[in-house]
> 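Take this structure, written in structure tokens, and hold onto it; I'll ask about it next.
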Amino acid sequence: MNRPIIALDFPNKQTIQQFLQLFPTDEALFVKVGMEIFYQEGPEIVRWLRSLGHDVFLDLKLHDIPNTVRSAMRNLAGLDIQLTNVHAAGGKEMMSQALLGLQEGTKENRTIPKLIAVTQLTSTSEEQMQHDQLMTCSLEESVLHYAKMTQEAGLAGVVCSALESRAIKEQTNQNFICLTPGIRPSNTNIGDQKRVVTPQQAKENGATYIVVGRPITQSANPYEAYVAIKNDWNGVN
Ligand code: C5P
């Protein structure tokens with residue numbers, strides 16, 4: 001069964017430890033480590049999660065000059081992660097160099113982490129994009145442009161809204177990864193997310209991975225919530 005990626009949006013290792021204790025010890029999870037926890041605990045948090053048998057999406061959204069991103073990616077690949085990302089706005093050359101860094105840093109007999117790109121952040125409105133980035137195109141045109149550029153640079157896919165994944169796959173190819181946050185099971189609080197879809201709707205729209213945070217982390221019974229979301233995502237009743 002495909003696993004939803006759980007966003008470990010917690011302040012420190014101790015709270016993650018308490019959270020993971022609520023899951024069966026033999027349940028191998030796919031978790032997302034973001035900036036908050038990475039900058040608090042450092043690379044050790046990733047090594048620890050990997051030692052527990054969990055797959056890791058390291059969501060650090062790198063964006064710098066190509067050479068710096070390549071070196072940073074070389075180091076991140078050494079952590080034996082499964083998935084990581086950059087900002088497409090860093091450009092095609094930066095994305096290709098990021099990929100090279102991941103290849104260089106992957107240890108023998110390990111799989112090269114998949115690399116995806118953030119197009120426009122979902123917190124950016126069309127008005128903000130046009131004003132702040134001095135762009136005249138629509139938000140959708142910009143997202144599709146970045147997705148095509150990401151594909152040309154040789155990356156595996158993009159982070160996007162489940163509402164954009166169908167159009168992105170049409171413009172790239174059906175195997176292009178669309179990793180989508182903003183997932184809410186029906187009948188739950190949507191929090192600060194604005195455009196949300198259910199796991200089942202995300203699947204129908206062609207999402208490859210879903211990232212789910214609060215509906216699991218803040219649930220009274222996180223494991224039960226996780227299983228329900230996983231079942232919905234896999235079309236199991
Ligand atoms: O709690 P919730 O399910 O909204 O968490 C979604 C996760 O995905 C958070 O870690 C959030 O930072 C992240 N994310 C997002 N939208 C993006 C990119 C990342 O919500 N475009």
Side-chain angles (χ1 to χ4, degrees), residues 3-12 15-16 19-20 29-41 45-46 49 54-63 81-90 114-126 128-129 132-133 139-140 142-144 146-147 150 155 157-165 167-168 177-203 205 207-220 222-230 232-233:
R3 296 166 297 174
I5 300 177
I6 306 174
L8 293 180
D9 294 326
F10 291 102
N12 52 43
T15 47
I16 293 180
F19 172 73
L20 293 177
L29 304 171
F30 201 157
V31 295
K32 178 174 94 82
V33 170
M35 292 184 197
E36 179 187 3
I37 188 68
F38 192 82
Y39 291 143
Q40 175 64 26
E41 301 287 350
I45 193 77
V46 177
L49 289 163
H54 303 311
D55 285 340
V56 173
F57 164 33
L58 190 52
D59 178 24
L60 298 181
K61 302 185 179 72
L62 271 60
H63 186 171
I81 50 172
Q82 281 58 53
L83 188 62
T84 190
N85 59 3
V86 291
H87 266 286
K114 290 196 181 96
L115 182 61
I116 58 177
V118 175
T119 56
Q120 291 287 350
L121 291 168
T122 46
S123 54
T124 305
S125 69
E126 185 162 276
Q128 279 175 327
M129 179 198 79
D132 298 354
Q133 302 174 30
L139 189 70
E140 192 189 355
S142 171
V143 167
L144 291 175
Y146 276 143
T150 301
L155 275 63
V158 290
V159 180
C160 65
S161 153
L163 302 164
E164 294 159 350
S165 45
I168 288 173
I177 292 176
C178 288
L179 177 144
T180 65
I183 303 294
R184 290 293 177 272
S186 35
N187 308 326
T188 52
N189 184 349
I190 70 167
D192 57 1
Q193 295 280 17
K194 294 195 176 67
R195 302 194 307 150
V196 299
V197 301
T198 67
Q200 194 189 2
Q201 286 166 336
K203 181 102 188 170
N205 287 359
T208 322
Y209 296 103
I210 51 171
V211 172
V212 188
R214 288 162 289 181
I216 297 174
T217 57
Q218 291 183 14
S219 160
Y223 182 59
E224 212 169 84
Y226 171 74
V227 171
I229 289 168
K230 186 160 87 166
D232 193 26
W233 171 232

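In listed order, ligands and their atoms are each counted from 1. All values below come from the heavy atoms of this structure, side chains included, with hydrogens, waters and symmetry mates left out.
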> Under the salt bridge (Lys or Arg N to Asp or Glu O under 4.0 Å) rule, collect the residues that match up with K32, sequence neighbours excluded.
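For K32 the salt bridge (Lys or Arg N to Asp or Glu O under 4.0 Å) partners, ignoring immediate neighbours, are D59.
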> Quick one: which of V197, I210, T122 gives a side-chain contact (heavy atoms from CB on, under 4.5 Å) with T180?
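For T180, the side-chain contact (heavy atoms from CB on, under 4.5 Å) check succeeds only for I210.
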> From T124 OG1 over to Q133 CD, what is the distance, rounded to the nearest 0.5 angstrom?
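It is 6.5 Å, given to the nearest 0.5 Å.
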> Which of the atoms of ligand 1 are close to P215, meaning less than 4.0 Å from one of its heavy atoms?
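Listed by number with element, the hits are 3 (O).
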> Determine the minimum heavy-atom distance between I177 and T208, stating which atoms define it.
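Shortest heavy-atom separation between I177 and T208 comes out as CA-OG1, 3.4 Å.
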> Give me the atom names and distance for the closest heavy-atom approach of L155 to L115.
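The answer is CB-O, 3.5 Å.
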> For ligand 1, which atoms have a heavy atom of G213 less than 4.0 angstrom away?
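Under 4.0 Å from G213, ligand 1 has these atoms: 1 (O), 2 (P), 3 (O), 5 (O).
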> Under 4.0 Å from a heavy atom of T122: give me the atoms of ligand 1 that qualify, with their elements.
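The atoms of ligand 1 under 4.0 Å from a heavy atom of T122 are 16 (N), 17 (C), 21 (N).
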> Would you check the N or O atoms of D59, main chain and side chain alike, for any that come under 3.5 Å of an N or O of ligand 1?
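The answer is no, given that D59 and ligand 1 share no N or O pair closer than 3.5 Å.
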> Below the 3.5 angstrom mark, is there an N/O of V159, backbone or side chain, next to an N/O of ligand 1?
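Between V159 and ligand 1, no N or O pair is found under 3.5 Å apart.
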> Could you list which atoms of ligand 1 come closer than 4.0 Å to a heavy atom of D9?
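Every atom of ligand 1 under 4.0 Å from some heavy atom of D9: 9 (C), 10 (O).
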> Against ligand 1, does G34 come closer than 4.0 Å with any heavy atom?
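Judged by the 4.0 Å heavy-atom criterion, G34 does not count as contacting ligand 1.
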> Taking side chain to side chain contact (heavy atoms under 4.5 Å, CB included) as the test, write out the residues that go with T15, two or more places apart.
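Testing T15 for side chain to side chain contact (heavy atoms under 4.5 Å, CB included), a comparison that skips the adjacent residues, returns F10, P11, N12, Q18.
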> As an exercise, identify every atom of ligand 1 less than 4.0 angstrom from a heavy atom of R184.
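Contacts of ligand 1 toward R184, numbered from 1: 1 (O), 2 (P), 3 (O), 4 (O).
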> Would you mind listing which atoms of ligand 1 come within a distance below 4.0 Å of any non-hydrogen atom of R214?
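Once the distances to R214 are compared, the set is 1 (O), 2 (P), 3 (O), 4 (O).
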> Is K61 in polar range of ligand 1, meaning some N or O pair under 3.5 Å apart?
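For ligand 1, there is no N or O atom that lies under 3.5 Å from one belonging to K61.
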> Step by step, would you call L83 with I5 a side-chain contact (heavy atoms from CB on, under 4.5 Å)?
CA-CA 11 Å; L83 188 62; I5 300 177; 4.2 Å; yes
